Amino acid sequence: MAAEMMGVDMVTILVDDIELQVPKGELIVESVKRLGIEIPIFCYHPRMKPVGMCRMCLVETGTKQPDGTIRKMPKPQASCTLPASEGLAIYTQTPQIIQDRKGVLEFLLINHPLDCPICDRGGECPLQNNTLFYGPSTSRHIEFKRHAPKAIPLSEHVTLDLERCIQCGRCVRFTEEISGDGQLAFRFRGASMQPSTFALSAFESKFSGNTIEICPVGALTSSQSRFRARPWDLESSAGVCTLCSCGCNVWFDHRIGKLVRVNGRTNNAVNEEWTCDQGKFGHDYYNHNERQASVFIRTSARLESTSWTVGLGEIVTKLKSTGTSAGFLLGPKISNEAGFLACRAATALGSRQVAGIDSRVELGANFEVPADSLLSLEQAKVIVSVGPSLADTLPIVYLRVRKAASQKGAKVISIHSSPTELDEFAFLSLCHKPGTLSLLIQGLDGSLALEEVALQTGVSAQALKEAKTVLEGQGVSFIATNQVAHTEGSAALSDLRRLAKKLEANWNHFCETASGFASLASCSGLGMELQSPESILKKCLSGDIKFLWLVDFDPFELVKDRELVKQALEEVEFLVVQSAIASEASHYASVVLPQSLPAEGGGSFTNLDGQLQNFDAFLPKIGMARADWQIFAELLSRMDLAAGMFSRQDILQMAAKDVPYFKEALTGKQDHQPQPSGAGV
Amino acid sequence: MAERKLLLEHSHETSFRTRAGYEQTGGYEGLKKALGMERQAIIDEVKTSGLRGRGGAGFPTWIKWNGLPKEKKTSHFIICNADEGEPGTFKDKELIEKCPFLLVEGMTIAGVATQADAGYIYIRGEYLDGARSLRSAIDEAYKAGYLGKNIMGSGVNFDLYIHMGAGSYECGEETALMSSLMGERGMPRLKFPHAPLPTISGVFEKPTLINNVETYCCAPFILKNGGEWYATLGASTKNSRGTKIFSVSGHVKKPGNYEIEFGTPLQELLEIAGGMVDGDLKFCVPGGSSVPMIKKAEVERAIIGYEEMSEVRSMVGSGGCMFFNDSTCVVTFTWRTAQFYANESCGKCTPCREGTRWMVQILDRILAGGGNPGDAELLQQVASQIDGRSFCPLGDAAAWPVAAALRVFPEEFAYFIENGSSMVTGAKTLAMAP
Amino acid sequence: MSLGILKDVARPILGGMGITAKRLRHKKATISYPEQRREQYPRTRWRHALTRYENGLEKCIGCSLCAGACPAKCINVVAAENTDEDRHSPGERYAVRYEINMIRCIFCGYCQEACPTGAIVLRKEFELANYHREDFIYTKEMLLEAKAST
């Protein structure tokens with residue numbers, strides 16, 4: 001409908017003798033949806049270019065003659081590739097079409113094995129559904145079916161069953177058009193055609209999981225959730241992926257309280273319908289066998305199981321004496337509510353020592369909301385991505401950049417010191433010597449001669465000149481993360497920011513963790529600065545911090561300097577380890593608090609462009625575990641620092657009073673409520 | 001009427017394969033004339049001549065030539081489809097081996113008329129001799145200034161490249177050919193009305209003209225002698241003009257390429273080829289294996305011409321004319337044809353990929369003596385499920401011969417299914433070729 | 001008076017005894033269960049069993065269709081993948097757990113109907129009484145037929 005507003009030419013078509021106004025050039029398979037008519041499909045996917053391979057969507061067509069009669073075309077046409085034009089008449093329900101659909105399905109089933117009882121797709125399979133609705137009741141094929149190897153592990157995550165494949169090419173096109181890695185292709189021809197990787201290597205894609213979801217049969221299945229549940233046994237609950245800051249909308253499919261698999265959920269403002277492999281297969285920690293299930297307290301040398309009352313009581317007593325020297329390390333996956341309450345506790349106690357991964361302190365920069373949203377990034381004319389592989393750090397941003405480049409013609413400039421996926425389609429890729437980013441930026445902003453810069457950085461002067469010209473144009477967006485500071489030093493990141501401001505370009509310094517945006521916003525709302533984990537740990541060593549609370553923060557995993565972590569944890573007087581899974585830090589803990597995970601305890605999460613997304617709990621909590629926000633709400637109540645926090649909504653309301661971001665998010669912007677899944681056939 | 005040699009007039013003279021020999025017979029006069037003409041005038045000349053595509057579909061050539069943008073905004077390309085893969089057809093082989101200059105000149109004329117920057121000749125991978133002959137012709141043409149920059153001082157630039165196929169029948173389909181030429185998998189692409197015509201967006205997404213070898217070879221004659229002269233050839237037919245080379249094979253005394261004028265009776269073509277070798281004529285496949293077969297009675301009244309052939313429910317096709325005597329088992333013939341198409345299906349669309357294999361399986365079973373009552377109807381229905389439902393014409397080409405055989409000789413199928421042996425040869429089971 | 005007694009007391013007794021005497025000639029309708037047992041009808045549906053192929057492999061492929069068809073929702077199947085070293089059924093998949101809650105089961109036989117391999121069958125054993133609720137959860141080990149001793 002957006003097209004009508006944008007003034008696109010409208011044409012009148014006839015669908016089953018009903019007149020319909022549609023934008024010119026719209027594919028007929030999409031147009032008929034406006035009337036609620038369904039055309040069965042296999043190879044067509046709304047987010048990929050149509051190919052017309054499967055012939056399932058055949059319709060009879062005709063054109064309106066000047067005298068008002070309709071002249072039918074002799075052959076049926078594939079509606080997935082047919083653009084709407086003035087006077088086009090479509091017939092979707094004629095006896096001929098019903099017969100043709102039966103014919104195509106009969107052909108497809110000739111070589112499709114009767115695997116349905118053991119196939120992971122059975123029950124949610126488009127081939128099953130279409131056969132049931134449109135197919136013949138029996139097959140006339142009595143000869144041998146084609147046989148091919150079954151259950152080939154295509155990669156760590158994807159299993160290929162060649163017998164089940166109906167050669168629709170969706171997976172091949174996905175790797176060509178969406179993820180861009182071009183990992184899959186067809187081998188052989190005719191009836192022996194099969195999808196495969198080149199030279200039979202492993203299917204190494206960062207987005208391979210999506211091919212499982214778009215496969216219309218059970219040819220590509222997940223190795224992880226293989227045979228774990230039948231689709232009808234699964235309950236799908238809307239959730240948000242918290243493994244990075246993209247905030248992908250996903251469906252968590254669970255059976256009897258256990259997470260089985262994760263599928264992409266459609267949200268055009270975030271992930272469209274895709275997921276990265278990290279998000280799709282990385283949620284197995286829900287079923288970790290060392291999940292923290294009870295409160296532990298240290299008595300002499302041992303950790304002993306205790307109750308929440310005793311555990312929290314001990315913490316409250318300690319905080320009353322050492323509250324001013326209490327430090328909080330905020331984990332990457334904690335909810336907005338927990339992040340806010342931890343910051344609130346730190347201010348109320350007067351210590352004001354909060355740290356997180358996405359700290360901006362060392363950069364000498366304040367928190368800035370990125371200028372672009374994921375949607376507006378698509379409209380950028382020039383996108384400058386700086387730093388290591390975007391596909392690794394922010395996979396969904398990478399997909400957006402790729403879409404902008406391949407579909408909207410954006411020019412991508414990739415600045416890095418080691419090759420990344422962006423180079424494949426980048427307009428310019430400036431690969432500089434490690435440690436010379438600052439110089440390169442000086443060259444780009446004109447303060448150093450290009451020849452000099454070229455000599456020092458190893459980037460050709462020609463490329464620099466070209467980049468400079470492109471950057472002076474309109475619609476430039478910069479993308480950077482803290483990774484730039486980690487690899488090139490914080491000065492380089494500040495220089496980059498200055499360059500973006502000077503060019504009047506959109507500056508996007510994206511967070512990397514799911515808790516990053518809200519922690520930064522909470523800190524700045526409460527007049528603090530989010531420190532880096534290292535600086536807090538150093539303060540533990542110096543004795544400035546005597547009480548350390550690890551809020552689902554595993555320092556041994558997240559801080560590089562292992563020796564520093566070890567010494568700091570040994571040095572600190574009182575250590576609270578709040579975590580979902582037993583970690584090495586528990587050995588140093590004074591109190592261990594079991595925390596539930598988002599699907600079990602709920603929480604709201606803010607993604608990198610500031611969209612607040614609710615995540616309601618649907619899985620049972622493990623043992624005594626509580627949600628991260630519940631722990632802090634109880635702590636603050638017990639210490640009489642705040643009251644009236646009975647639900648997440650109460651906490652958010654409270655946050656809205658202190659933090660401008662939450663006020664805006666709760667009142668202004670729309671929350672992204674899950675819509676029932678219907679897309680992604 | 002007898003043979004009317006126009007394209008093949010000098011094909012047996014080895015000197016015709018050299019530039020000097022070619023020029024002696026009036027070669028390059030057409031190009032010289034064309035260079036002195038307005039571009040539109042060349043196209044109009046082709047229009048007057050009534051030339052139609054010789055690759056099989058018989059589409060009026062001038063419409064294609066006229067379809068390229070007149071205002072040149074980007075590069076234009078022309079392609080010669082020399083991926084001659086239709087069983088029974090071998091006319092292009094002779095043309096490129098023995099008359100390479102005809103093709104080079106024809107393409108240059110087309111290049112001039114369509115403002116093309118370069119031409120590609122996509123040759124079937126097995127035609128090594130043809131490619132060599134063409135290579136030396138192109139080299140000579142470059143040396144003499146007939147190709148390259150500033151052709152004959154006219155200011156027109158035109159380059160010609162040879163591209164060898166890799167052995168796929170499907171790559172003779174024009175969009176698959178273009179995909180293959182661009183280095184992609186040889187699969188057909190979307191066509192009008194689903195996508196722009198090749199003349200707007202073809203190879204490398206640039207305006208492209210694509211024609212058969214024989215079509216291009218006609219161009220020098222049309223330019224040299226005028227379109228009106230060309231139109232006098234075959235004037236007796238409804239809408240077919242000029243000459244057509246037929247590759248006559250099968251049970252004939254003198255198989256080979258014979259060029260005849262449109263309007264010649266099919267029976268005469270058989271006589272030109274020396275008549276049947278043994279026995280009596282049973283049926284004829286007049287235009288390459290995909291074309292529906294016709295019985296003796298139809299052969300006797302068939303006139304060669306695009307519209308005339310459809311009166312006997314067949315086609316001119318690509319001119320691969322096969323005559324079979326009464327010792328031929330139609331079921332075996334159909335099986336062999338179906339096998340070819342199953343082998344050559346590219347696998348892109350469902351009806352062709354699965355349907356061609358199924359037809360072979362059914363015919364395999366019938367030939368092995370395992371035919372069931374109703375198999376003939378099943379075959380006929382499978383063929384109709386492919387015909388017109390496939391992505392590209394390969395599906396149609398696979399379905400037509402089977403459907404035609406079932407229509408023309410139903411009794412042979414019925415006999416084989418019932419008795420498990422051939423009605424003609426009496427053979428119990430087939431000695432299957434590997 | 002005495003005649004009245006005769007009419008009101010003795011006649012009914014004699015009449016009743018008469019019926020008994022008449023019945024003495026008939027065959028008994030009851031049997032003395034559990035010493036004696038009746039022949040079950042061929043299509044009797046009672047306790048489930050998981051059957052095997054002749055070669056000893058399990059027929060069950062762990063497809064859960066029985067659980068899907070079950071109107072009482074009393075079947076729980078957990079599947080796993082066969083390996084060449086540890087092969088339970090012919091294909092790729094087998095049931096690692098197969099449980100039926102016999103208290104919930106209504107013996108409708110839908111599971112048998114849904115089974116694509118004929119693995120689950122309802123047999124004639126009907127004495128399912130037990131003392132503990134937990135004992136009514138029949139596990140795969142209890143349901144699976146013994147391997148044919150060849």
Side-chain angles (χ1 to χ4, degrees), chain A residues 109 112-125 128-129 131-132 145 147-154 156-165 212 217-236 253-261 284 287, chain C residues 48 50-53 57-101 104 109-121 134 137-140 143:
Chain A
L109 294 171
H112 192 79
L114 286 171
D115 259 359
C116 301
I118 63 154
C119 176
D120 272 344
R121 201 76 165 137
E124 52 172 18
C125 172
Q128 271 186 337
N129 292 347
T131 305
L132 213 61
K145 279 176 186 275
H147 286 292
K150 292 184 84 72
I152 311 164
L154 213 52
E156 191 191 342
H157 301 305
V158 184
T159 304
L160 170 67
D161 189 315
L162 281 175
E163 280 189 357
R164 292 180 195 154
C165 179
I212 297 169
V217 288
L220 294 167
T221 52
S222 161
S223 313
Q224 192 183 56
S225 60
R226 188 169 160 81
F227 296 162
R228 292 236 314 247
R230 302 313 307 267
W232 59 83
D233 286 334
L234 291 170
E235 204 181 319
S236 292
D253 289 354
H254 48 102
R255 183 192 181 194
I256 329 176
K258 287 253 182 198
L259 185 67
V260 175
R261 64 175 187 190
D284 221 23
N287 302 326
Chain C
H48 308 70
L50 284 169
T51 54
R52 289 180 190 273
Y53 289 108
L57 286 175
E58 293 161 20
K59 281 187 183 173
C60 179
I61 50 170
C63 72
S64 281
L65 284 175
C66 46
C70 181
K73 295 273 162 277
C74 68
I75 306 180
N76 177 35
V77 185
V78 179
E81 191 162 4
N82 277 315
T83 55
D84 284 334
E85 295 80 47
D86 184 26
R87 180 157 291 284
H88 297 259
S89 64
E92 294 164 70
R93 180 174 176 142
Y94 76 101
V96 68
R97 284 176 74 172
Y98 193 104
E99 294 161 348
I100 300 179
N101 185 345
R104 276 206 185 184
Y110 280 12
C111 46
Q112 182 172 354
E113 206 172 297
C115 186
T117 61
I120 186 88
V121 290
E134 304 81 68
I137 311 282
Y138 278 49
T139 61
K140 187 184 171 192
L143 293 167

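No experiment lies behind these values; they were computed from the predicted model shown. So you know, we letter chains A, B, ... as the sequences are listed, proteins then strands, and number each from 1.
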Can you check whether Cys125(A) reaches Cys119(A) side chain to side chain, under 4.5 Å on heavy atoms?
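The answer is no; the side chains never approach within 4.5 Å.
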Looking only at heavy atoms, which two atoms of [X] and [Y] are closest? And how far apart?
X: Ala79(C); Y: Gly62(C); answer: CB-O, 3.6 Å
X: Leu114(A); Y: Pro117(A); answer: O-CD, 4.0 Å
X: Cys66(C); Y: Cys111(C); answer: CB-CB, 3.6 Å
X: Cys165(A); Y: Val217(A); answer: CA-CG2, 4.3 Å

Where on Ile256(A) is there a heavy atom nearer than 4.5 Å to chain C: the side chain, the backbone, both, or neither?
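For Ile256(A), the contact with chain C is made by the side chain alone.
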For Ile100(C) and Ile120(C): C-alpha separation, side-chain torsions, deciding distance, then whether side-chain contact (heavy atoms from CB on, under 4.5 Å) applies.
CA-CA 11 Å; Ile100(C) 300 179; Ile120(C) 186 88; 4.0 Å; yes
Heavy-atom distances under 4.5 Å only: say whether Val96(C) touches chain A with side chain, backbone, both or neither.
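Neither part.
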Donor-acceptor pairs between chain A and chain C under 3.5 Å, which ones?
| residue | atom | partner | partner atom | Å |
| --- | --- | --- | --- | --- |
| Ile118(A) | O | Arg93(C) | NH1 | 3.4 |
| Arg226(A) | NE | Glu81(C) | OE1 | 2.9 |
| Arg226(A) | NE | Glu81(C) | OE2 | 3.1 |
| Arg226(A) | NH2 | Glu81(C) | OE2 | 2.9 |
| Arg226(A) | NH2 | Glu92(C) | OE1 | 2.6 |
| Arg230(A) | NH1 | Cys63(C) | O | 2.5 |
| Arg255(A) | NH1 | Val77(C) | O | 3.2 |
| Arg255(A) | NH2 | Asn76(C) | OD1 | 3.3 |
| Arg255(A) | NH2 | Val77(C) | O | 2.9 |

Evaluate the side-chain contact (heavy atoms from CB on, under 4.5 Å) criterion for residues Val158(A) and Leu160(A): first the C-alpha distance (whole Å), next the side-chain angles of each, then the deciding distance (0.1 Å), finally the verdict.
CA-CA 7 Å; Val158(A) 184; Leu160(A) 170 67; 5.7 Å; no
